[in-house]
Amino acid sequence: MATGTEPRQNSGGVRTRTRAAIAAPHLRTDRWWLAPAATAAGLLAFVVYSTWRAFANAHYYAAPYVSPFYSPCLAENCRTMRAGPNADLFGSWWGISPAVIILIFPLGFRLTCYYYRKAYYRAFWASPPACAVAEPHRTYTGETRFPLILQNIHRYFFYAALLVAGVLTYDTVLAFRDEHYRWGHMGLGTLVFLANILLIWAYTLSCHSCRHIVGGKLKHFSRHPVRYRAWQFVGRLNARHMQLAWASLLSVALADFYVYLVASGVFDDPRFF
């Protein structure tokens with residue numbers, strides 16, 4: 001007797017012969033596509049903006065502010081920044097924008113981030129497009145083959161992200177100067193940089209790799225009270241990893257855009273004192 005749940009004759013992907021014979025592609029009745037569509041739009045907007053700014057090679061420094069996209073500036077063709085993050089490691093042979101050198105590390109950290117993997121796998125590859133929605137691919141290999149096997153180097157990008165966050169912290173300290181490099185001043189840009197670095201650190205420390213490094217291998221928390229408290233703190237941040245990922249992505253773009261506006265002469269940086 002037919003029950004309507006006989007195995008399918010076709011095979012491949014999620015529609016294998018062992019699955020129930022449900023005619024509908026999924027049983028969700030809500031607007032499940034809104035979340036992956038919004039994610040795709042947000043990530044695509046950042047990719048377009050960051051690509052434009054990275055290759056612009058202009059308007060990235062307005063004393064005392066330096067764009068986070070160009071910091072540290074590791075090429076000889078960098079703008080001279082007094083006491084700034086200049087290091088001429090790449091000589092005159094480097095002709096393109098110096099932002100390309102440094103952006104590899106924070107972008108690599110985000111591309112291999114566990115949350116961002118979920119976000120762009122769903123948004124761009126429909127793998128899967130949403131919970132309880134079948135993906136269109138006939139086979140699934142996970143992250144066991146090239147290039148996705150490179151996702152496993154996320155922990156090493158985390159170490160690089162710590163160094164970049166340290167440099168951006170230094171840039172934020174330098175933001176307490178005026179355009180003549182005198183200390184003890186604060187402008188609107190200083191607040192922008194402060195908000196950005198706080199979100200950058202919160203996102204970086206909320207990383208799953210950080211949580212594992214802090215307390216993942218401990219068998220007895222009672223013997224390591226300091227690491228246990230640190231693990232608890234990172235765990236609370238980790239619970240907000242998605243929100244921090246988006247907030248820090250927006251803040252770093254806004255910090256760069258603010259420097260661009262000031263450096264291009266759109267307006268002068270308002271000073272509070």
Side-chain angles (χ1 to χ4, degrees), residues 35-36 38-40 42-43 46-47 50 68-69 71-72 102-125 127-131 140-173 193-255:
T39 299
L43 292 177
F46 181 81
V47 168
S50 60
F69 287 2
S71 183
I102 196 60
L103 281 179
I104 295 172
F105 301 103
L107 288 181
F109 177 58
R110 289 181 183 267
L111 280 173
T112 58
C113 164
Y114 294 126
Y115 165 70
Y116 279 115
R117 292 188 216 177
K118 167 193 167 184
Y120 64 78
Y121 283 4
R122 290 188 173 188
F124 296 112
W125 298 342
S127 181
C131 292
Y140 176 77
T141 58
E143 296 173 342
T144 61
R145 297 180 182 178
F146 183 84
L148 294 186
I149 196 172
L150 297 178
Q151 303 282 30
N152 294 317
I153 64 175
H154 175 61
R155 69 190 70 182
Y156 302 108
F157 275 119
F158 167 72
Y159 300 138
L162 286 178
L163 296 176
V164 173
V167 173
L168 297 183
T169 302
Y170 176 70
D171 294 342
T172 303
V173 173
F193 272 55
L194 277 172
N196 177 57
I197 194 57
L198 289 175
L199 288 171
I200 289 292
W201 273 115
Y203 166 65
T204 303
L205 295 179
S206 71
C207 169
H208 295 75
S209 293
C210 179
R211 191 167 184 259
H212 178 72
I213 291 170
V214 170
K217 293 185 177 181
L218 294 181
K219 295 182 178 180
H220 304 283
F221 278 125
S222 59
R223 298 180 182 177
H224 306 274
V226 175
R227 291 185 63 184
Y228 176 56
R229 285 192 290 271
W231 180 81
Q232 286 182 309
F233 172 74
V234 173
R236 286 191 291 269
L237 289 177
N238 183 259
R240 300 287 185 269
H241 194 51
M242 179 185 73
Q243 294 89 337
L244 292 171
W246 281 104
S248 59
L249 193 71
L250 178 62
S251 71
V252 73
L254 287 176

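Since the structure is predicted, the reported quantities are computational estimates derived from the model, not experimental observations.
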Chemist: Given the rule in the side chain to side chain contact (heavy atoms under 4.5 Å, CB included) test, do Tyr120 and Leu111 qualify, once you have shown the distances and angles that lead to the verdict?
Modeler: CA-CA 9 Å; Tyr120 64 78; Leu111 280 173; 4.2 Å; yes

Chemist: Please walk me through it: do Val252 and Phe69 pass side chain to side chain contact (heavy atoms under 4.5 Å, CB included)?
Modeler: CA-CA 8 Å; Val252 73; Phe69 287 2; 4.0 Å; yes

Chemist: For a quick test of reading the model, state the closest non-hydrogen atom pair linking Ala160 to Phe105 and the distance between them.
Modeler: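 Distance-wise, the nearest heavy atoms are CB-CD2, 3.8 Å.
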
Chemist: Work out which heavy atom in His241 is nearest to a heavy atom in Cys113; give both atom names and the distance.
Modeler: NE2-SG, 3.2 Å

Chemist: Answer yes or no: is there a donor N or O on one side and an acceptor on the other, between the side chain of Thr204 and the main chain of Trp201, under 3.5 Å?
Modeler: no

Chemist: Can you find a heavy atom in the side chain of Thr39 that is under 4.5 Å from one in the side chain of Arg122?
Modeler: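 They are not in side-chain contact.
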
Chemist: Mind checking the CG-CG spacing from Leu205 to Leu237? Nearest 0.5 Å is all I need.
Modeler: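 Those atoms lie 6.5 Å apart.
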
Chemist: I need the Leu194 CG to Ser251 OG distance, nearest 0.5 Å.
Modeler: 11.5 Å

Chemist: Taking Asn196 for its side chain and Ala255 for its backbone only, find out whether a donor-acceptor pair lies under 3.5 Å.
Modeler: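 Such a contact is absent between Asn196 side chain and Ala255 backbone.
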
Chemist: Do Asp171 and Ser71 have side-chain N/O donor and acceptor atoms under 3.5 Å apart?
Modeler: yes

Chemist: To the nearest 0.5 Å, what is the distance between CG (Leu107) and CZ (Phe157)?
Modeler: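 Reported value, rounded in 0.5 Å steps: 9.5 Å.
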
Chemist: Is a donor from one side chain sitting under 3.5 angstrom from an acceptor on the other, for Tyr203 and Trp246?
Modeler: no

Chemist: Are side-chain heavy atoms of Leu43 and Tyr116 found at a separation under 4.5 Å?
Modeler: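 SC-SC contact between Leu43 and Tyr116 confirmed.
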
Chemist: Is the ring pair Phe158/Phe109 parallel, tilted or perpendicular, if the boundaries are 30 and 60 degrees?
Modeler: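 Judged by the thresholds at 30° and 60°, the geometry between Phe158 and Phe109 is tilted.
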
Chemist: Is the count of non-hydrogen atoms from other residues, nucleotides or ligands lying under 6.0 Å from Tyr156 atom OH greater than 12?
Modeler: no

Chemist: Would Arg211 and Phe233 count as a cation-pi pair here, with the cationic atom under 6.0 angstrom from the ring centre and within 45° of the axis?
Modeler: no

Chemist: State, to 0.1 Å, how close Leu148 and Gly142 come at their nearest heavy-atom pair, and which atoms those are.
Modeler: CD1-O, 3.7 Å

Chemist: Could you go through the side chain to side chain contact (heavy atoms under 4.5 Å, CB included) check for Leu218 and His224 one step at a time?
Modeler: CA-CA 8 Å; Leu218 294 181; His224 306 274; 3.6 Å; yes

Chemist: Could you tell me whether the side chain of Cys207 reaches within less than 4.5 Å of the side chain of His154, counting heavy atoms only?
Modeler: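 Side-chain contact under 4.5 Å: yes.
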
Chemist: If you apply the rule side chain to side chain contact (heavy atoms under 4.5 Å, CB included), what do you find for Tyr114 with Met242, and how did you get there?
Modeler: CA-CA 10 Å; Tyr114 294 126; Met242 179 185 73; over 6 Å; no

Chemist: For Gln243, enumerate each residue passing the side chain to side chain donor-acceptor pair (under 3.5 Å) test, keeping only those at least two apart in sequence or located in another chain.
Modeler: none

Chemist: What is the minimum heavy-atom distance between Val164 and Pro106, and which atoms define it?
Modeler: CG2-CD, 4.3 Å

Chemist: Rounded to the nearest 0.5 Å, how far does CZ of Arg227 lie from NZ of Lys217?
Modeler: 9.5 Å

Chemist: Can you name the nearest heavy-atom pair linking Trp231 to Gly215, along with the distance?
Modeler: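 Closest approach of Trp231 to Gly215, heavy atoms only: CD1-CA, 3.7 Å.
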
Chemist: Between atom CZ of Arg117 and atom OG1 of Thr112, what is the distance when rounded to the nearest 0.5 Å?
Modeler: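 Separation between the atoms: 6.0 Å.
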
Chemist: Rounded to the nearest 0.5 Å, what separates atom OG1 in Thr144 from atom CG in Asn152?
Modeler: 9.5 Å

